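Have a look at the structure below before the remarks.
Owing to the predicted nature of the structure, the values given are computational and were not obtained by experimental measurement. Values reported hereafter were calculated over all heavy atoms of this structure, with side chains retained and with hydrogens, waters and symmetry mates removed.
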Amino acid sequence: MSALTLNTIDYGGAGDAPPLLVAHGLFGSARNWNVIAKRLSDRGPVVSVDMRNHGDSPWSDSHSYYDLSDDLAAEIDTRADVVGHSMGGKAAMALALRHPDKVRRLVVADIAPVAYTHTQMHLVEAMQKLDLSQISRRSDADAQLAEHVDDRGVRAFLLQGLDVSGKAWKFNLDVLGREMDTITGWPDELDGSFDGPALFLSGGESDYVLREYRDRIRAFFPRARFAKLPGAGHWLHAEKPRDFEASLRAFLDA
């Protein structure tokens, strides 16, 4: 598969720091990162992407980490710092391993290069069950979604990907559902190492990056450093945005 041209938000940049590329997680979008990206643009140029099958980026039948990493590589003209969360973190790791000349410093937010046993298939199915023809306001969608998803915060996050006027999800739900094992997995045949600085930043309340994963992480990323944000879960950048931003600044400007 050839790389897709992703939809991007370019925040410009007031400083002379290297470019920063931001890759969101499953069911996310470039817009989710607006506040952090705008604030970090005082260092230098920041670009946030919609990953394939998300937001305003093209849809594809494939959603492998080879494809996602090639999509990101195509967006980088000069060596960049890269931050990725969850699915975007796995794509960013694959990018650094497959295109190390593209990456200066790598930040991986609350994910490891391992296959996970959890699934988000229930969220795909919940979104597919919505009768979009009956929705004229976001509150209508929330009421329907509440029948399948109890957590109000999760519903609010998912509904950022709903085009209410167009009565359509901005997620390729059929492909994301079919590729769920690929998304939660990790390509076993991917090898090599990235010798640049890498920060694995996790939520203190999250169980996504366990201590027993550290040897595996260091096999791919020998210069890996580890840090946790106290009181944050998997969505650490949304739960503790200022702490997350401060950690990024300290690492990227080191």
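In this structure, K90 contributes its side chain and T184 its backbone to a donor-acceptor pair below 3.5 Å. Panel note: side chain K102, backbone A73; a donor-acceptor pair is recorded below 3.5 Å. No donor-acceptor pair under 3.5 Å is formed between the side chain of D243 and the backbone N or O of K240. A donor-acceptor pair is defined here as one N or O able to donate and one able to accept, closer than 3.5 Å; no such pair exists between the side chain of Y116 and the backbone of G185. Under a 3.5 Å cut-off, the side chain of D142 and the backbone N or O of R138 do not form any donor-acceptor pair. Side-chain atoms of Q120 do not come within 3.5 Å of backbone N or O of L26 as any donor-acceptor pair.
With contacts defined as side-chain heavy-atom distances shorter than 4.5 Å, the pair R105/V83 does not qualify. No side-chain heavy atom of P187 sits under 4.5 Å from any side-chain heavy atom of S64. Within the 4.5 Å cutoff, the side chain of W169 has heavy atoms near those of the L159 side chain. The closest side-chain heavy-atom distance from W235 to H85 is below 4.5 Å. In this structure the side chain of L132 reaches within 4.5 angstrom of the side chain of L162, judged on heavy atoms. Considering only heavy atoms from C-beta on, L201 stays 4.5 Å or farther from H237 through its side chain. You'll find the side chain of L176 reaches within 4.5 Å of the side chain of H54, heavy atoms only. Contact annotation: the side chain of R43 never approaches that of D16 to less than 4.5 Å [non-hydrogen atoms, C-beta and beyond].
No more than 12 heavy atoms of other residues, nucleotides or ligands shown are found within 6.0 angstrom of CZ on R152.
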Exercise for review: Please step through salt bridge (charged side-chain N to carboxylate O under 4.0 Å, His left out) for the pair K129 and E125, ending with a clear verdict.
Suggested key: CA-CA 6 Å; K129 286 174 182 172; E125 292 168 349; 5.3 Å; no
**Study point:** Check against side chain to side chain contact (heavy atoms under 4.5 Å, CB included), V103 and L21
**Key:** CA-CA 10 Å; V103 182; L21 183 74; over 6 Å; no
Practice item. Kindly indicate, with the supporting measurements, whether the criterion side-chain hydrogen bond (donor to acceptor under 3.5 Å, both in side chains) is fulfilled by R52 and S57. Key: CA-CA 5 Å; R52 67 168 59 199; S57 281; over 6 Å; no
**Study point:** From CA spacing to verdict: side chain to side chain contact (heavy atoms under 4.5 Å, CB included), F226, I217
**Key:** CA-CA 10 Å; F226 300 90; I217 291 169; 3.7 Å; yes
Check your understanding: Going through the checks in order, is the side chain to side chain contact (heavy atoms under 4.5 Å, CB included) test met by Y11 and L40?
Key -> CA-CA 9 Å; Y11 297 90; L40 288 171; over 6 Å; no
Practice item. Report the C-alpha separation of L72 and H99 in whole Å, then their side-chain angles, then the decisive distance to 0.1 Å, and conclude whether the side chain to side chain contact (heavy atoms under 4.5 Å, CB included) test is met. Key: CA-CA 10 Å; L72 295 179; H99 305 277; over 6 Å; no
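Both I76 and Y65 sit in one connected hydrophobic cluster of ILVMFWY residues. Membership requires side-chain heavy atoms under 4.5 Å apart, directly or through other members. Linking ILVMFWY side-chain heavy atoms closer than 4.5 Å, directly or via other members, places V108 and M87 in a single hydrophobic cluster. Grouping the Ile, Leu, Val, Met, Phe, Trp and Tyr side chains by contacts below 4.5 angstrom, directly or via other members, places M93 with L210. V175 and F171 sit in two unconnected hydrophobic clusters of ILVMFWY residues. Membership requires side-chain heavy atoms under 4.5 Å apart, directly or through other members. Transitive grouping of hydrophobic side chains (ILVMFWY, heavy atoms separated by less than 4.5 Å) brings L123 and I183 into a common cluster.
S41 approaches G12 most closely through the heavy-atom pair CB-O, 3.9 Å. Across every non-hydrogen atom of A94 and W186, the tightest pair is N-CH2, 4.1 Å. Of all heavy-atom pairs spanning A126 and H148, the tightest one is CB-CB, 3.7 Å. Nearest heavy atom pair, residue Q134 against residue Q144, reads CB-NE2, 4.1 Å. The minimum heavy-atom distance linking R104 with P18 is given by the pair NE-CG, 3.5 Å. R223 approaches D195 most closely through the heavy-atom pair CD-O, 2.8 Å.
Partner I9 forms a side-chain contact (heavy atoms from CB on, under 4.5 Å) with one of V46, D50, V49, N34 and no other, that one being N34. Across T182, N172, N53, a single residue satisfies side-chain hydrogen bond (donor to acceptor under 3.5 Å, both in side chains) together with H63, and that is N53.
Applying the ring pair (Phe, Tyr, Trp, His ring centres under 6.0 Å) rule to F194 yields no partners; only residues at least two apart in sequence or on another chain are considered.
Expressed to the nearest 0.5 Å, how far CG of D67 lies from CD of E179 amounts to 9.0 Å. Note that the CG atom of L130 and the CG atom of L145 stand 5.5 Å from one another [nearest 0.5 Å]. With rounding to the nearest 0.5 Å, the separation of CE in M180 from CE in M121 is 6.0 Å. Here D181 contributes atom CG and R178 contributes atom CZ; the two are 12.0 Å apart, rounded to the nearest 0.5 Å. Note that CG of L236 and OG of S247 are 8.5 Å apart. Values are rounded to the nearest 0.5 Å. Within the model, atoms CG of L68 and CG of L95 stand 10.5 Å from one another, a figure rounded to the nearest 0.5 Å.
Close placement of the F244 and W33 rings is indicated, their centers lying within 6.0 Å of each other. For F157 and F27, the distance between ring centers is not under 6.0 angstrom. Between Y213 and Y208, the ring centre distance reaches or exceeds 6.0 Å.
With respect to the salt-bridge test (charged N to carboxylate O, under 4.0 angstrom), the residues D163 and K170 do not qualify. One finds a salt bridge joining D42 and R249 here, because a Lys/Arg side-chain nitrogen approaches an Asp/Glu carboxylate oxygen to under 4.0 Å.
Of the N and O atoms on the side chains of S86 and H234, at least one donor lies less than 3.5 Å from an acceptor on the other residue. For the residue pair Q160/N32, the side-chain donor-acceptor check at 3.5 Å is satisfied. Side-chain contact, D10 with T8: no donor N or O sits under 3.5 Å from an acceptor N or O.
The cationic atom of R98 (NZ for Lys, CZ for Arg) does not lie both less than 6.0 Å from the six-membered ring centre of Y66 and within 45° of the ring axis.
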